[in-house]
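Following this message is one structure expressed as C-alpha cells.
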Amino acid sequence: MPARIIGTGSCLPIRKVDNKELEKWTDTTDEWIRSRTGIESRYIAVEETTTSMAVEAARRAVENAEVRAEEIDLIIVGTVSGDMCFPSTACQIQNAISAVNATAFDLNAACAGFLFGLAIAESYMACGRAETALVIGAETLSKMMDWNDRSTCVLFGDGAGAAVVRKEEVGILSMVQGTDGGGGDALWCHNRPVNNPLVKKEWKPEYARMNGQAVFRFAVKTVPGAVMQALDQAGISAGQIKYFLLHQANIRIIEAVAKKLGQPAEKFPTNLQECGNISAGSVPLLMDMLNRQGRLQKGDKIVLAGFGAGLTWGAAVLTW
Ligand code: COA
C-alpha cells in the first residue's frame with residue numbers, strides 16, 4: 001500500500017485533573033476508577049479548543065516530518081467534538097498552518113476516526129489524488145460530558161494527535177475497517193433537535209451517554225478479530241509486531257485483547273493512565289509519545305487499532 005507515516009505530533013491541554021480532584025466534581029472514587037479502567041488522570045481543556053489543539057499537533061507533526069506546509073495536499077480530521085458545525089476543523093487547520101494546497105475535511109468515526117482518516121489518505125494516494133497528507137484526531141470531550149453521570153464522565157479526556165502521511169512504497173501494509181450501526185445505542189450523543197418555525201422545542205444541551213458493558217463486550221470481541229484480519233492481509237504474524245497501539249479506552253480491554261492475540265502486555269504501550277480516553281485523538285497521541293521517546297525505529301512492524309461509537313472499528317499494520 002503506497003503510504004507511510006513520516007512524522008507525528010500531539011497536543012494536550014495544560015490542566016491535568018487526577019481522580020482525586022474528580023471526586024470533588026462527581027460521585028466517584030479514585031479507587032473505583034483505577035480498578036475498573038486503569039485511568040488515573042486526564043487533561044481537561046480550559047483555554048484550549050479542539051481546533052487549537054489540532055493546529056498545534058499538526059504543526060508539530062509537520063516539523064517532525066520535515067515537510068513544508070505547501071507540500072500538504074490533504075488534511076483529514078477525525079473528531080466528534082469540533083468547535084463549529086462549519087467550517088470544519090480541517091478547514092481551520094488548513095488556514096492556520098497555511099497549507100494552501102490542501103483539500104481539507106472532517107470525518108466522524110468516533111474513536112476509530114484516526115484509523116478511518118488514515119484509510120482515506122491511503123486511498124487518495126493509491127489513486128493519485130494526494131502525495132502528502134495530514135491525518136489528525138482531535139477532541140474536547142469534556143464539553144460533551146454530563147459531569148453528574150459518573151459512569152461516563154470519568155473515562156474521557158481532551159487532546160489531539162497528528163501524523164504526516166506520504167506516498168511511499170514501504171509503509172502501511174494492510175488496513176481493515178468495519179461498522180455495526182445496529183450497536184449505535186451503546187454510545188451516543190444527540191445533536192440539536194429539529195427546531196424551526198414549524199416545530200418549536202425547548203433546546204437543552206445534550207451529553208454523551210453510554211452503555212459501558214455493551215461497549216466493553218463489543219471491544220473485546222471485535223478488536224482481536226480486526227487485528228488478526230489485518231495481520232493476515234499483511235502476511236505478518238502477531239509475534240513479528242513490536243507494538244500494538246490500541247485505542248486507550250480501558251486497561252482491561254487492552255489486557256483482554258493482548259490475551260486473545262497471545263501477546264505479552266509489554267507490547268501494548270498505554271497512556272490511558274495519564275490521559276484517559278481521547279476518542280479519535282488516542283491512537284495518534286500514543287504513537288507520537290512513542291515516536292518522541294525514540295521507541296519506533298525504521299523497519300519496526302506496528303499495529304494501530306481504534307474502536308468506538310457507531311459502532312466503528314479499524315486496524316492497520318504498518319512498517320515504521
Ligand atoms: N464511580 C463509582 N461507582 C461507579 C462509577 C464511578 N465512576 N460508575 C459506575 N459506578 C457504579 C455503578 O453505579 C454500579 O453500581 P451498582 O452496582 O450499585 O448499581 C457499579 O459501579 C458497577 O457498574 P457497572 O457499569 O456494572 O461497572 P463495570 O464494571 O461495567 O464498569 C465501565 C463500567 C464503564 C468502566 C466499563 O463497563 C467499561 O469500561 N466499558 C467500556 C467503556 C468504554 O471504553 N467506552 C468508550 C469506548 S470508545
Side-chain angles (χ1 to χ4, degrees), residues 17-42 44 78-81 107-117 137-142 144-159 161 177-181 183-189 207-224 226-227 245-258 268 270-273 275-286 304-315:
V17 175
D18 65 16
N19 293 345
K20 277 283 171 206
E21 185 169 5
L22 212 56
E23 287 179 5
K24 296 182 202 142
W25 300 9
T26 193
D27 177 19
T28 190
T29 62
D30 175 44
E31 198 284 326
W32 192 97
I33 302 171
R34 271 177 205 257
S35 62
R36 304 282 175 132
T37 70
I39 295 166
E40 296 165 16
S41 63
R42 73 285 297 138
I44 302 279
T79 187
V80 297
S81 54
L107 71 84
N108 178 346
C111 306
F114 181 77
L115 270 296
F116 277 49
E139 305 286 8
T140 315
L141 300 170
S142 60
M144 301 166 78
M145 292 301 127
D146 173 351
W147 292 95
N148 293 313
D149 176 3
R150 63 182 183 173
S151 64
T152 306
C153 71
V154 301
L155 304 178
F156 295 95
D158 302 334
Q177 286 104 46
T179 299
D180 172 14
D185 57 0
L187 184 51
W188 74 97
C189 183
Y207 298 103
R209 302 289 172 205
M210 183 179 69
N211 176 344
Q213 290 182 6
V215 177
F216 195 98
R217 281 193 300 275
F218 146 70
V220 168
K221 184 164 164 254
T222 310
V223 179
V227 170
L245 307 188
L246 302 191
H247 173 49
Q248 300 290 293
N250 183 318
I251 196 69
R252 292 188 294 139
I253 293 176
I254 294 172
E255 285 166 359
V257 174
F268 294 75
T270 55
N271 63 9
L272 64 84
Q273 295 83 349
C275 303
N277 177 347
I278 311 178
S279 192
S282 267
V283 170
L285 204 130
L286 181 62
L304 310 179
F307 55 88
L311 300 165
T312 55
W313 61 93

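Just follow the structure's listing: the first ligand is 1, and inside any ligand the first atom is 1. For the numbers below, each heavy atom of this structure counts, side chains included, while hydrogens, waters and symmetry mates do not.
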- Sorted by chain and residue number, the side chain to side chain donor-acceptor pair (under 3.5 Å) partners of Thr152 (sequence neighbours excluded) come out as Asp149
What does the N/O contact table under 3.5 Å look like for ligand 1?
unit_1, atom_1, unit_2, atom_2, d
ligand 1, 1 (N), Thr28, OG1, 2.7
ligand 1, 3 (N), Trp32, NE1, 3.3
ligand 1, 7 (N), Thr28, OG1, 3.0
ligand 1, 7 (N), Arg150, O, 2.9
ligand 1, 13 (O), Arg150, NH2, 3.0
ligand 1, 21 (O), Trp32, NE1, 3.2
ligand 1, 26 (O), Gln213, NE2, 2.6
ligand 1, 27 (O), Arg36, NH1, 3.3
ligand 1, 29 (O), Arg36, NH1, 2.7
ligand 1, 30 (O), Gln213, NE2, 3.3
ligand 1, 37 (O), Gly212, O, 3.4
ligand 1, 39 (O), Asn250, ND2, 2.7
ligand 1, 40 (N), Gly212, O, 2.8

- Task: Ignoring hydrogens and angles, tell me if any N or O in the side chain of Gln248 forms a donor-acceptor pair with the backbone of Asn271 under 3.5 Å.
- Result: yes
- Query: With a 3.5 Å cut-off and no angle check, do the side chains of Asn250 and Thr37 form a donor-acceptor pair?
  - Reply: no
- Query: Counting only N and O atoms by type, is there a donor-acceptor contact under 3.5 Å from the side chain of Thr222 to the main-chain atoms of Ala219?
  - Reply: no
- By ring-ring contact (aromatic ring centres under 6.0 Å, His included), Phe307 pairs with (sequence neighbours left out) His247
- Query: By ring-ring contact (aromatic ring centres under 6.0 Å, His included), which residues pair with Trp147, not counting sequence neighbours?
  - Reply: Trp25
